[in-house]
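Take a look at the structure set out below.
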Amino acid sequence: MHGLINRSIQRFLCDTYGAPLWQQVGEASSAPAEGFEALLPYDDALTFAMLDAAADRLGKPRDALLEDLGAFLVTLEPLRRLLRFGGVDYADFLMSLDELPARARMALPEIDAPHLVLTVEGAGRLKLSVRGRVPGWGLVMSGLLRAMADDYGALALIDVAPTSAVETTCDHITVELLDASHTRGRRFELAQPVAT
Amino acid sequence: MTQRAPHADAPELPLGALGKLMPMFLWLGAAGEIRAVGPTLGKLCGGAAGLIGQPFDAHFTVSSAPDSAALAALRNGPGSRVHLSLRRSPATNLRGVVRVCREGDLFLNLSFGVGVAEAVRDHGLTAADFAPTDLALELLYLHEAKSAVMRELSSLNTRLQAAQQAAETQALCDPLTGLANRRAVERELARSSAEAMRGSSAFAIAQIDLDHFKAINDTLGHAAGDFVLTHVAGILRAETRQSDLVARLGGDEFVLLLRGVIEPEVVRRLGERVIARLEVPFHFEGAPCQISASVGVALSCCYALPDGEQIFIDADTALYAAKRAGRGRCVVSCHAHTLPRASMPPAMPPAP
């Protein structure tokens, strides 16, 4: 797994549950003591060992943890800004989701982002197929989509369909956009704020 | 039902639609008056309404032409590519393409080029100010993504550099005393002898062997031995300059690489001073201890070709000469002086 993904998990656990939890998780999963190097690849098994160790200690299902991770990513301002480049409003953002992997690769050519296929199923209703090299991306994406709805100020129902046994690494998310401007949402200026 | 002319050579578009397709278009009349602008270009100039009917050169300059010839440059320029700047501050640069159309009107489509990030900031532009076909937003996205990746990369580099420095220090350091180790001496010796070969500087090697160290180690234990070695390291550091290298090769063998020394007598006095200080009795956990040392010195200035390895070997030979002569001595090996110095009387008391 890309070091940046492991580092995001580390930051998520540290920021959300505190450094002591991360320390336990790091020890239990034999994560490098000095932390992850953002641009180096790591063994996939290590990523899952960290998630399992965290789920065990928090008494929380791994699936729920993955959804929270997706939502946490949106709290990282540089990442939130990059995501907001996807569209002027939430509907526009949703429609550009199948460009997201290409955008991710534009920033980091070696990142192993999941493949996204968008299908419009009716007015304000669409389906997103998330096919990753490893399972779990659908849950991360659903958390991310929920947090982005809040960011844009939209009201949307987001569900992850249970993964079928055959397609273990393909998840289906349905998004039902109820109100595109439910709240004012968070500000986004195209111009990058000076000295962040 | 009205029928369109079947052979119309151009689609007719209302200005509003034209503005959606090309938010930065500029339409000039034959006399250079502004007839219409796209909404984004209007925004840059403080509002489209104030522009209509105004002369082109009241709001724009053409980079390749003086004001008087601006319009002619647009009309008769060598290619259709144009570079303009806004007259109002900040003088945003624009680039674009121009075409002469019917009745001598000029039609321009403009964009920001690489200055897009500054223009977005200066004019408070949003995604809606760009045509969906414009890759400006992708350029901004890439700019931000690249900065974020660079931040990660530079933090990785900083950590790698710190780790490398720590590893290097560790590799060149004797962990017990904090002095340099054999590897550090080899590296410095190679460097110093290369400099000496070029004639740019001189150096001396002083090999130091402790006397009676084994007795302390055997009777008082390893902790006492370690204490003595640390004590010796302190004295050697105190007696040398910052620019000299003080190293422990292992066991009770130490070496000094003294830089810039060309006088055998100066090094011999230093050797004797070190021996005298090492001979001062001290205590370890209440038990009295006394050691001494033998010192063998070789100087680069005594060699026509100052080869580091040879100088090191000669310093070692001088050290054994000192030991054979009865310990507690400093022997300086210099081709002209080796034999007489070897038979010098024992160490003198330290200089006050």
Side-chain angles (χ1 to χ4, degrees), chain A residues 2-8 10-11 32-42 73-93 95-96 99-111 113 152 185-196, chain B residues 19-20 23-24 39-41 43-44 90 92-93 111-167 170:
Chain A
H2 198 279
L4 206 57
I5 294 172
N6 285 344
R7 240 159 87 92
S8 304
Q10 179 184 348
R11 272 191 77 174
E34 65 285 355
F36 294 99
E37 298 303 354
L39 300 181
L40 296 181
Y42 292 87
L73 294 176
V74 178
T75 67
L76 303 174
E77 183 61 12
L79 199 54
R80 178 188 87 94
R81 282 190 55 80
L82 292 178
L83 287 166
R84 286 289 294 253
F85 271 98
V88 290
D89 55 30
Y90 192 58
D92 199 21
F93 169 79
M95 292 312 293
S96 72
E99 282 182 8
L100 196 62
R103 282 185 181 274
R105 276 195 300 276
M106 210 147 74
L108 276 173
E110 48 296 308
I111 197 136
Y152 277 107
R186 286 185 64 197
R187 271 175 82 85
F188 173 71
E189 305 277 355
L190 209 47
Q192 201 172 6
V194 187
T196 45
Chain B
K20 285 261 185 254
M24 289 180 65
T40 303
L41 188 60
K43 194 169 174 177
L44 297 184
T92 303
N93 289 321
S111 78
F112 295 108
V114 288
V116 63
E118 289 80 39
V120 163
R121 173 165 302 128
D122 291 342
H123 301 284
L125 301 181
T126 71
D129 291 317
F130 294 92
T133 48
D134 194 336
L135 290 178
L137 293 189
E138 274 66 29
L139 199 62
L140 293 179
Y141 168 85
L142 257 187
H143 177 68
E144 280 201 41
K146 187 206 71 181
S147 312
V149 171
M150 287 302 282
R151 276 197 298 275
E152 293 291 345
L153 198 60
S154 69
S155 75
L156 169 62
N157 280 345
T158 314
R159 275 175 301 185
L160 286 183
Q161 197 176 22
Q164 189 193 358
Q165 271 169 3
Q170 218 167 20

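Every chain is numbered from 1, with letters handed out A, B, ... down the list of sequences.
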For [X], is it the side chain, the backbone, both, or neither that has a heavy atom closer than 4.5 Å to a heavy atom of chain B?
| X | answer |
| --- | --- |
| A:Leu4 | side chain |
| A:Leu82 | both |
| A:Arg103 | both |
| A:Ala102 | neither |

If you compare all heavy atoms of A:Ala104 against all heavy atoms of B:Tyr141, which two are closest, and at what distance to 0.1 Å? N-OH, 3.8 Å

In this structure, CD of B:Glu138 is separated from CD of A:Glu99 (nearest 0.5 Å) by 6.5 Å

Under 4.5 Å heavy-atom distance to chain A, tell me which part of B:Ala117 shows up: side chain, backbone, both or neither. neither

Contacting region of B:Leu142 [heavy-atom separation from chain A under 4.5 Å]: side chain

Pairing of A:Glu189 and B:Arg121 as salt bridge, 4.0 angstrom limit: no

pair A:Val88-B:Thr126: side-chain heavy atoms closer than 4.5 Å: no

Sub-4.5 Å side-chain heavy-atom contact between A:Leu190 and B:Leu137: yes

Find the one option among B:Ala119, B:Ala145, B:Ser147, B:Ala163 whose heavy-atom pairs under 4.5 Å with chain A are most numerous. B:Ala145

